[in-house]
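Presented below is the structure to which this report refers.
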Amino acid sequence: MQIRILGCSGGIGPGLRTTSLLVDGHLLIDAGTGVGDLPATELAAIDTVLLTHAHLDHVCGLAFMADNLFGEIDHPLVVHAIPETLAVLRDHVFNWQLWPDFTALPDPEHPLVVLKSLSAGIGLRVGALTATAFRVSHTVPAVGYVLDAGAGVFAFTGDTSASERIWNALNALPRLDHLMIEVAFPNQEAELAERSRHYTPDVLRDDLAQLRHRPMLHLTHAKPGTEALIARQCAVALQGWQYRHLQAGDQIIV
Ligand SMILES: [Zn+2]
Ligand SMILES: [Zn+2]
C-alpha cells in the first residue's frame with residue numbers, strides 16, 4: 001500500500017495543504033486543498049473517496065474535483081462517509097447554491113458523484129484493501145479509517161481529541177504498523193484544543209498510553225505557524241515513540 005500525503009496541514013499557507021491522502025493512486029481519503037496539486041491524469045484515476053468528516057478543510061477539494069472531472073471520466077466518483085457527513089454535503093455543498101449538485105449531473109441516472117453511506121466497524125472492500133471506519137471524538141460526527149492491505153495495517157484518525165473509542169477500535173486490531181494521528185495545537189492552547197476537539201502533544205502522550213500496539217506515528221494537522229513549537233513539545237512528550245511530522249509530498253509505504 002502506497003499512501004501519498006497530498007496535504008496534512010491544519011490550515012493554508014505557502015507550501016501548506018489541507019488533509020488529503022492518495023492511496024494506491026485511486027483511493028482518496030479526505031479531499032482537502034492537497035488534491036489541487038494533482039495533474040489531470042492522476043485526478044481522473046481516482047474512483048473512490050472516503051471522508052472522515054464534513055469540515056471544509058477535509059471536503060473543499062471534492063467540489064473542485066467534481067468540476068474538473070465533469071465530462072472527463074467514464075466512471076462515477078464514489079464518495080463513502082457516515083450519514084451525518086453525507087447530509088452536510090447534500091444540504092450545504094451540492095445544493096445548487098454553494099455548488100452545482102454533481103450527484104444529479106449530467107443526469108440523476110448516471111451522476112458524476114455517488115454518495116454512499118457507511119457504518120463504523122463494517123469493512124469496505126476497496127481494490128486490494130479493506131477500509132474500516134471507527135468513530136472518533138470531534139466537534140462534528142467524525143470517523144478515522146483502518147486500511148488493511150494484508151501485508152500491513154495503517155490507521156488514520158482524522159480530526160479528533162482524546163477518546164476511548166479510538167483505542168478500543170485500534171486495540172482490537174491484530175496488528176497496527178502505522179498510525180497517522182493529529183496534533184493540532186501546542187500545549188499552551190490546551191483549552192482551545194479541548195473546545196475544538198483536537199490533540200495537544202501532552203494530551204496525545206497521555207492518550208497513547210492506552211494503545212497496546214507500537215506503530216510508527218505520523219503526526220499531522222498542526223495549525224499554521226505552530227509547527228516548530230509542536231515539534232519541540234512532541235520531542236519531549238513522545239519520547240520512546242518512533243514518529244515523524246508529516247508534510248505534503250511525504251509517502252507512507254505499508
Ligand atoms: Zn475538523
Ligand atoms: Zn481538519
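Linking Ile, Leu, Val, Met, Phe, Trp and Tyr whenever their side-chain heavy atoms come within less than 4.5 Å puts Val136 and Leu219 in one cluster. Val254 and Leu173 fall into different hydrophobic clusters, defined by Ile, Leu, Val, Met, Phe, Trp and Tyr side-chain heavy atoms under 4.5 Å apart, directly or through other members. Under a hydrophobic clustering in which Ile, Leu, Val, Met, Phe, Trp and Tyr are joined whenever their side-chain heavy atoms come within less than 4.5 Å, directly or via other members, Val49 and Val23 fall into different clusters. Under a hydrophobic-cluster definition in which Ile, Leu, Val, Met, Phe, Trp and Tyr are linked whenever side-chain heavy atoms come within less than 4.5 Å, directly or via other members, Val146 and Leu208 are assigned to the same cluster. Cluster membership for Leu118 and Val88, using ILVMFWY side-chain heavy atoms within less than 4.5 angstrom, is not shared.
The main-chain N or O of Asp202 is found under 3.5 Å from a side-chain atom of Asn187 such that the two form a donor-acceptor pair. Distance alone, capped at 3.5 Å, places no donor-acceptor pair between the His221 side chain and the Asp159 backbone. No donor-acceptor pair under 3.5 Å is formed between the side chain of Trp167 and the backbone N or O of Gln210. A distance-only check finds a donor-acceptor pair linking the side chain of Ser161 to the backbone of Ser137 [under 3.5 Å]. A donor-acceptor pair is defined here as one N or O able to donate and one able to accept, closer than 3.5 Å; such a pair exists between the side chain of Tyr145 and the backbone of Leu51. In this structure, the side chain of Asp24 engages the main chain of Gln2 through a donor-acceptor pair within 3.5 Å. Arg205 places no side-chain N or O within 3.5 Å of a backbone atom of Leu238 that could act as its donor or acceptor partner. Listed for the Asp30 side chain is a donor-acceptor partner under 3.5 Å among the backbone atoms of Thr52. With Thr139 contributing its side chain and Arg197 its backbone, the two residues share no donor-acceptor pair below 3.5 Å. No side-chain donor-acceptor contact under 3.5 Å links Ser20 to the backbone of Gly34.
Among all heavy-atom pairs drawn from Pro224 and Ile12, the shortest one is CG-O, 3.7 Å. What you find for Val114 and Pro76 is that their closest heavy atoms are CG2-CB, 3.8 Å. Closest heavy-atom contact between Ala63 and Trp99: O-NE1, 2.9 Å. Here the closest non-hydrogen pair linking Val183 and Pro201 is CG2-N, 3.4 Å. The nearest pair of heavy atoms linking Pro186 to Leu229 is CB-CD2, 3.6 Å. Minimum heavy-atom separation, Leu98 to His92: CD2-O, 3.2 Å.
With contacts defined as side-chain heavy-atom distances shorter than 4.5 Å, the pair Thr85/His58 does not qualify. In this structure, the side chains of Phe134 and Arg165 stay at 4.5 Å or more apart for every pair of heavy atoms. Residues Glu189 and His198 have side chains not in contact (no heavy-atom distance under 4.5 Å, counting atoms from C-beta outward). The side-chain heavy atoms of Leu204 and Leu217, taken from C-beta on, include no pair separated by under 4.5 Å. Residues Ile5 and Gln247 are not in side-chain contact: their nearest non-hydrogen atoms beyond the backbone lie 4.5 Å or more apart. For the pair Phe156 and Thr19, the minimum side-chain heavy-atom distance is below 4.5 Å. Between Ile230 and His245, some side-chain heavy-atom pair lies under the 4.5 Å cut-off. When side chains are defined from C-beta on, Phe154 does not count as touching Pro215, because their heavy atoms never get closer than 4.5 Å.
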Test log, rule side-chain contact (heavy atoms from CB on, under 4.5 Å), inputs Leu38 and Leu22: CA-CA 10 Å; Leu38 284 177; Leu22 184 60; 4.1 Å; yes
Derivation and outcome, side-chain contact (heavy atoms from CB on, under 4.5 Å), residues Val126 and Leu147: CA-CA 9 Å; Val126 186; Leu147 302 185; over 6 Å; no
Chi angles and distances behind the side-chain contact (heavy atoms from CB on, under 4.5 Å) call for Glu42, Arg4: CA-CA 12 Å; Glu42 293 190 37; Arg4 281 171 60 192; 2.6 Å; yes
Worked check of side-chain contact (heavy atoms from CB on, under 4.5 Å) between Val113 and Leu89: CA-CA 11 Å; Val113 174; Leu89 291 180; over 6 Å; no
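One distance of note links CD1 of Ile181 with OG1 of Thr220; it measures 8.5 Å at 0.5 Å rounding. Taking CE from Met180 and CZ from Arg244, the interatomic distance works out to 9.5 Å, rounded to the nearest 0.5 Å. Taking OH of Tyr243 as the reference point, atom CE of Met216 lies at 10.0 Å (rounded to 0.5 Å). Taken from CG in Asp177 to CD1 in Ile253, the straight-line distance is 13.0 Å, to the nearest 0.5 Å. Here Asn171 contributes atom CG and Ile166 contributes atom CD1; the two are 11.0 Å apart, rounded to the nearest 0.5 Å. Expressed to the nearest 0.5 Å, how far NE2 of His178 lies from CD of Gln242 amounts to 9.0 Å.
In this view, His55 and His53, His138 satisfy the ring-ring contact (aromatic ring centres under 6.0 Å, His included) rule, not counting sequence neighbours. Among residues two or more places apart in sequence or in another chain, the side chain to side chain donor-acceptor pair (under 3.5 Å) test is passed with Ser196 by none. Residues forming a side chain to side chain donor-acceptor pair (under 3.5 Å) with Asp101 (at least two apart in sequence, or on another chain): Thr103.
When each of Asp67, Leu77, Val93, Val35 is paired with Leu62, the side chain to side chain contact (heavy atoms under 4.5 Å, CB included) condition holds for Leu77 and for no other.
For NE2 of His26, the number of neighbouring non-hydrogen atoms (other residues, nucleotides, ligands) closer than 6.0 Å is greater than 12. For Gln188, the CD atom is densely surrounded, since the number of other residues' heavy atoms within 6.0 Å is greater than 12.
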